Amino acid sequence: SQQGEEDPQALSIQEGENATMNCSYKTSINNLQWYRQNSGRGLVHLILIRSNEREKHSGRLRVTLDTSKKSSSLLITASRAADTASYFCATDALGTSGSRLTFGEGTQLTVNP
Amino acid sequence: DTEVTQTPKHLVMGMTNKKSLKCEQHMGHRAMYWYKQKAKKPPELMFVYSYEKLSINESVPSRFSPECPNSSLLNLHLHALQPEDSALYLCASSPGWKAYEQYFGPGTRLTVT
């Protein structure tokens with residue numbers, strides 16, 4: 001069953017603006033990952049944050065994790081048209097090996113030039 | 001080579017056909033995955049192979065039959081599928097059994113008529 005929920009479901013912004021997506025999950029986790037998927041194609045791994053980390057940066061990406069609220073956010077700064085894609089969070093439940101990822105429902109981001 | 005390849009890109013099959021999807025990676029990864037993704041939905045895990053052994057089967061109907069002939073190859077044999085099985089089938093790999101990022105192939109778009 002899917003344990004991740006994301007909001008908003010869809011987000012439309014102008015190039016140069018920041019985009020924030022949120023993810024909530026239900027069970028305790030080992031790690032939380034974010035993936036990007038361009039229309040009808042495979043997923044690309046963006047960033048992994050471990051359950052004992054609170055914030056992580058990678059280029060224009062900033063991820064936060066609040067395990068007490070079972071939530072995470074992905075911030076994309078200075079967005080570009082090429083950032084247009086669906087973004088999914090994925091969790092692996094505590095006590096499992098880590099191979100069983102459960103994906104959230106995803107946020108469709110549109111960046112208008 | 002950091003790529004996961006999948007063939008074919010598109011497949012149309014009748015409900016009485018037998019076909020196979022193929023996935024290949026040459027990154028030395030020891031875990032490989034099959035996911036099913038319906039339109040505007042997140043990927044759903046079907047099978048996990050670890051060190052060429054089936055380790056997770058998410059209660060997938062027997063009309064889907066996975067096979068891992070060696071550490072680089074993963075097949076999904078299809079037989080007597082239903083129209084509701086039409087979806088994007090994604091293959092992924094990761095370095096090992098534990099919580100690593102997964103590398104996804106571009107997917108096979110399957111249509112069952």
Side-chain angles (χ1 to χ4, degrees), chain A residues 1-7 9-10 21 23-25 28-53 56 58 61 63 65 85-110, chain B residues 2-7 9-10 21 23-25 27 29-51 53-60 86-111:
Chain A
S1 63
Q2 300 296 325
Q3 71 160 351
E5 295 181 4
E6 293 179 62
D7 79 272
Q9 287 188 329
M21 289 159 266
C23 166
S24 61
Y25 55 91
S28 296
I29 61 171
N30 292 313
N31 309 282
L32 186 142
Q33 302 182 44
W34 285 90
Y35 287 81
R36 183 187 76 224
Q37 184 178 34
N38 290 88
S39 181
R41 298 191 57 80
L43 282 75
V44 174
H45 180 265
L46 296 176
I47 198 163
L48 180 152
I49 186 165
R50 302 198 184 282
S51 59
N52 60 355
E53 297 177 307
K56 204 161 183 180
S58 176
L61 306 180
V63 169
L65 179 64
S86 292
Y87 291 81
F88 294 95
C89 66
T91 55
D92 60 287
L94 191 65
T96 70
S97 64
S99 289
R100 183 185 271 114
L101 287 184
T102 301
F103 286 84
E105 291 297 311
T107 293
Q108 172 61 50
L109 173 66
T110 302
Chain B
T2 57
E3 195 179 36
V4 175
T5 59
Q6 289 187 245
T7 54
K9 284 188 169 56
H10 301 274
L21 309 184
C23 173
E24 195 164 4
Q25 58 88 14
M27 294 178 278
H29 288 175
R30 303 314 301 267
M32 295 185 78
Y33 312 78
W34 280 115
Y35 289 88
K36 174 183 176 180
Q37 186 179 27
K38 303 284 272 185
K40 298 191 186 301
K41 288 294 191 180
E44 294 181 2
L45 184 65
M46 299 175 72
F47 303 104
V48 180
Y49 273 84
S50 177
Y51 292 84
K53 288 191 179 357
L54 183 64
S55 56
I56 295 176
N57 176 342
E58 294 286 50
S59 303
V60 178
S86 298
L88 182 67
Y89 287 85
L90 295 163
C91 173
S93 70
S94 65
W97 174 242
K98 293 191 181 295
Y100 293 100
E101 64 185 80
Q102 295 185 14
Y103 292 73
F104 282 79
T108 293
R109 175 75 60 191
L110 174 67
T111 303

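Chain naming here is simple, since letters A, B, ... match the order of the sequence lines and numbering starts at 1 in each. These numbers come from a predicted model, not from an experiment.
Here the closest non-hydrogen pair linking B:Y35 and A:L101 is OH-CB, 4.0 Å. Taking both residues in full, the closest heavy atoms of A:G40 and B:L88 are given as O-CD2, 4.0 Å, listed atom of the first, atom of the second, then distance. Closest approach of A:G104 to B:P42, counting heavy atoms only: O-CB, 3.0 Å.
Counting non-hydrogen atoms of neighbouring residues, nucleotides and ligands closer than 6.0 angstrom, the NZ atom of B:K41 reaches no more than 12 such neighbours. Within 6.0 Å of CD in A:Q9 there are 12 or fewer heavy atoms belonging to other residues, nucleotides or ligands.
Heavy atoms of B:Q37 lying under 4.5 Å from chain A belong exclusively to its side chain. Looking at A:Q37, only its side chain comes within 4.5 Å of chain B, counting heavy atoms on both sides.
The distance from atom CZ of A:R41 to atom CZ of B:F104, rounded to the nearest 0.5 Å, is 14.0 Å. For the atom pair B:E101 CD and A:L43 CG, the distance stands at 12.5 Å (nearest 0.5 Å).
Checking side-chain atoms of A:Y35 against main-chain N and O of B:Q102 turns up a donor-acceptor pair under 3.5 Å.
Salt-bridge check for A:R100 with B:E58: passed, with a basic side-chain N closer than 4.0 Å to an acidic carboxylate O.
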